[in-house]
S.K.: 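If you scroll down you'll find the structure; I have some questions about it.
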There are 2 protein chains.
Amino acid sequence: MADDLQLKPVQPVRAYERVVEQIEDLVMRGQLKPGQRLPSERELTARLGVSRSTVREALRVLESDGVLRSRAGDPRGPEILPFSPATLRKAMTRLARVAELGLGELVQFRMLLDSAASMLAARLATQEQIGAMEAAIEEMEDAVDRGYAAFSEADVAFHDAVARASGSTLIQVLTDVVRGVVLGLIAHKIADSPDSRTLMATSLQHHREVLDAVRQRDGQRAARLARESLYAYYAEYVPEAERPLLRALLDDPDA
Amino acid sequence: MADDLQLKPVQPVRAYERVVEQIEDLVMRGQLKPGQRLPSERELTARLGVSRSTVREALRVLESDGVLRSRAGDPRGPEILPFSPATLRKAMTRLARVAELGLGELVQFRMLLDSAASMLAARLATQEQIGAMEAAIEEMEDAVDRGYAAFSEADVAFHDAVARASGSTLIQVLTDVVRGVVLGLIAHKIADSPDSRTLMATSLQHHREVLDAVRQRDGQRAARLARESLYAYYAEYVPEAERPLLRALLDDPDA
DNA sequence: TGTAATTTGTTCGTATGTATA
DNA sequence: CTATACATACGAACAAATTAC
């Protein structure tokens, strides 16, 4: 007998899975576009030749994946949704919890993303995109006196502007997701900080420097400043033991 | 009337969603660990006070999220699974298709991940982890004569070793995911390349240089070489129009 | 080895509340 | 406001699969 035939164990394919695949395929191929409606459950039952329960299980899975939404009583049928990073965020959040990602690793990854985004922004950003960064900085200046919440909001706007200017959808989405997880872990600590005003002023200055590097089209400097800025802002909330992870991304890790 | 009360529209919460939440919570809190079993569908029906259909819809969603697996006839009940990046990969793949991510953006992101991984590996890797990289390189050397498939496998092993040595789970998982998407898009093109042998030899030399920089603990050099290596390997498959995205990550983008 | 018991996979019927026209 | 079609949810039934004895 040939002993090295590549035979894999066969697992039964359930009916609802084939329904999910069919609908997913239609969406992937663009035959079903956001806003369009799927036939009603009863019609799907008839067209697919499976029971209502099977159709429903498939719809629940697709719904939880953010592919569509079905509402009770809507005679137009389930609605195909536009893509949203919600599923990615869910998966990422689970990864963070189940894999027990430390704050250190999350901040490290943010440094990585923001650094790359700043590099790309310096080299590729349009004047309009640079204008959006400038507007966000002005908003931050105004917000210093209005407290941490307002400042944080403007800060997010700045980083979003940079991420958009990077031209990379992946960087944009992942920045959004990772920031959400990080802020969820420590927002209250920063808000409660007694010298949060000093923190904001320092952070604002760092952001100005990044913007300056972007304006001068100096990608490497923008990237370096972005890393240093995040390190300065978050390092104190990261446990001592994990700080080497952050420092390893700085140009001079032993300084 | 107060006009600025933050009132959001309430959307009905369906029964199966509350079941999903309960079980997801138990897994998140570590009260249900991988390998453990959930009660049977009928017992869940009784304990949760909902019908079996509702329980099943919840189980299907959890199954599609990779949280558990239920097999027909298994009297021990659904099994809690260890975390796997499968969901992340699924979400990422959908993002790539639906957001119409070009090959350029995907390769760009790989450059970014591999660059960071190499930098971190140079600064943090243990001798054992460096040994794994060396072993992968030797495997690549052997594989040059055995064709693209074998070479690609060894190549993957090298990048995995680097990603592991980076100490970052996020880098590790995302490298795996993005590589899967990229290879899915162009593996056949490389395999069919007439001068694939030359390509392999060049790539092998680049990998040796990265390893050398890691051995010498030169993070910045390792990162730069990693970017250049990926650029050299993939650039020709990336449409002309998207290549500036890749070059923007090189130290000298105009060269 | 084979068989019995239990579980999941799937279907069908029904009652109820809801959104749309 | 009403009629209609819809989704939600329940429960019973049978087939197929798995385990354990």
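Computed from heavy atoms alone, side chains included, the values below leave out hydrogens, waters and symmetry copies.
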S.K.: For Q108(B) and S168(A), what are the C-alpha separation, side-chain angles and deciding distance, and is it a side-chain contact (heavy atoms from CB on, under 4.5 Å)?
M.R.: CA-CA 9 Å; Q108(B) 181 194 57; S168(A) 167; 3.7 Å; yes
S.K.: Generate the contact string for nucleotides 16-21 of chain C. Rules: B means base contact, S means sugar-phosphate contact only, - means no protein heavy atom under 4.0 Å.
M.R.: --BBS-
S.K.: What are the residues of residues 44-54 of chain A, sorted by number, that bring a heavy atom to within less than 4.0 Å of DNA chain D?
M.R.: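 Close to the strand are R52(A).
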S.K.: Between atom CD in E57(B) and atom C1' in dG9(C), what is the gap in whole Å?
M.R.: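 That distance rounds to 14 Å.
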S.K.: Looking at every strand, decide which applies to R69(B) at a 4.0 Å heavy-atom threshold: base, sugar-phosphate, or nothing.
M.R.: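 No contact.
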S.K.: Let me know the distance between CZ of R56(A) and P of dA9(D), rounded to the nearest Å.
M.R.: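 Answer to the nearest Å: 7 Å.
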S.K.: Do R60(A) and E63(A) pass the salt bridge (charged side-chain N to carboxylate O under 4.0 Å, His left out) test, and can you show the C-alpha distance, the side-chain angles, and the key distance before you say yes or no?
M.R.: CA-CA 5 Å; R60(A) 293 297 81 80; E63(A) 196 162 10; 3.2 Å; yes
S.K.: Evaluate the side-chain proximity of V55(A) to Y16(A): yes if any heavy-atom separation is below 4.5 Å, no if none is.
M.R.: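 The answer is no, as the side chains (C-beta and beyond) never meet within the 4.5 Å cut-off.
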S.K.: With both distances kept under 3.5 Å, what pairs with dT1(C), Watson-Crick or G-U wobble?
M.R.: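 WC or wobble partner does not exist here.
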S.K.: Heavy atoms under 4.0 Å, any strand shown: does R37(B) hit a base, just sugar-phosphate, or nothing?
M.R.: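 Nothing: the residue R37(B), judged by heavy atoms under 4.0 Å, touches no strand.
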S.K.: Looking at Q36(B) and K33(B), would you say the former's side chain and the latter's main chain have a donor-acceptor pair under 3.5 Å?
M.R.: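 It does hold such a pair.
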S.K.: Measure the distance from CD on E43(A) to P on dA7(D) and round it to the nearest whole Å.
M.R.: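 After rounding, the gap between these two atoms is 10 Å.
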S.K.: Taking P239(A)'s backbone N and O only, do any of them form a donor-acceptor pair with E242(A)'s side chain (distance below 3.5 Å, no angle check)?
M.R.: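 Answer holds: no.
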S.K.: Figure out the CD/P separation between E41(B) and dT18(D), and round it to whole Å.
M.R.: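 Rounded to the whole Å, the gap is 15 Å.
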S.K.: Between R56(A) and S53(B), is there a side-chain donor-acceptor contact under 3.5 Å, judged purely by atom types and distance?
M.R.: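 Absent: no donor and acceptor within the cut-off.
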S.K.: Show the numbers, then the answer: is there a side-chain contact (heavy atoms from CB on, under 4.5 Å) between L174(B) and L88(B)?
M.R.: CA-CA 8 Å; L174(B) 287 175; L88(B) 205 60; 4.3 Å; yes
S.K.: Between S51(A) and T54(A), is there a side-chain donor-acceptor contact under 3.5 Å, judged purely by atom types and distance?
M.R.: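 Yes, because at least one side-chain N or O of T54(A) sits under 3.5 Å from a partner of the opposite role on S51(A).
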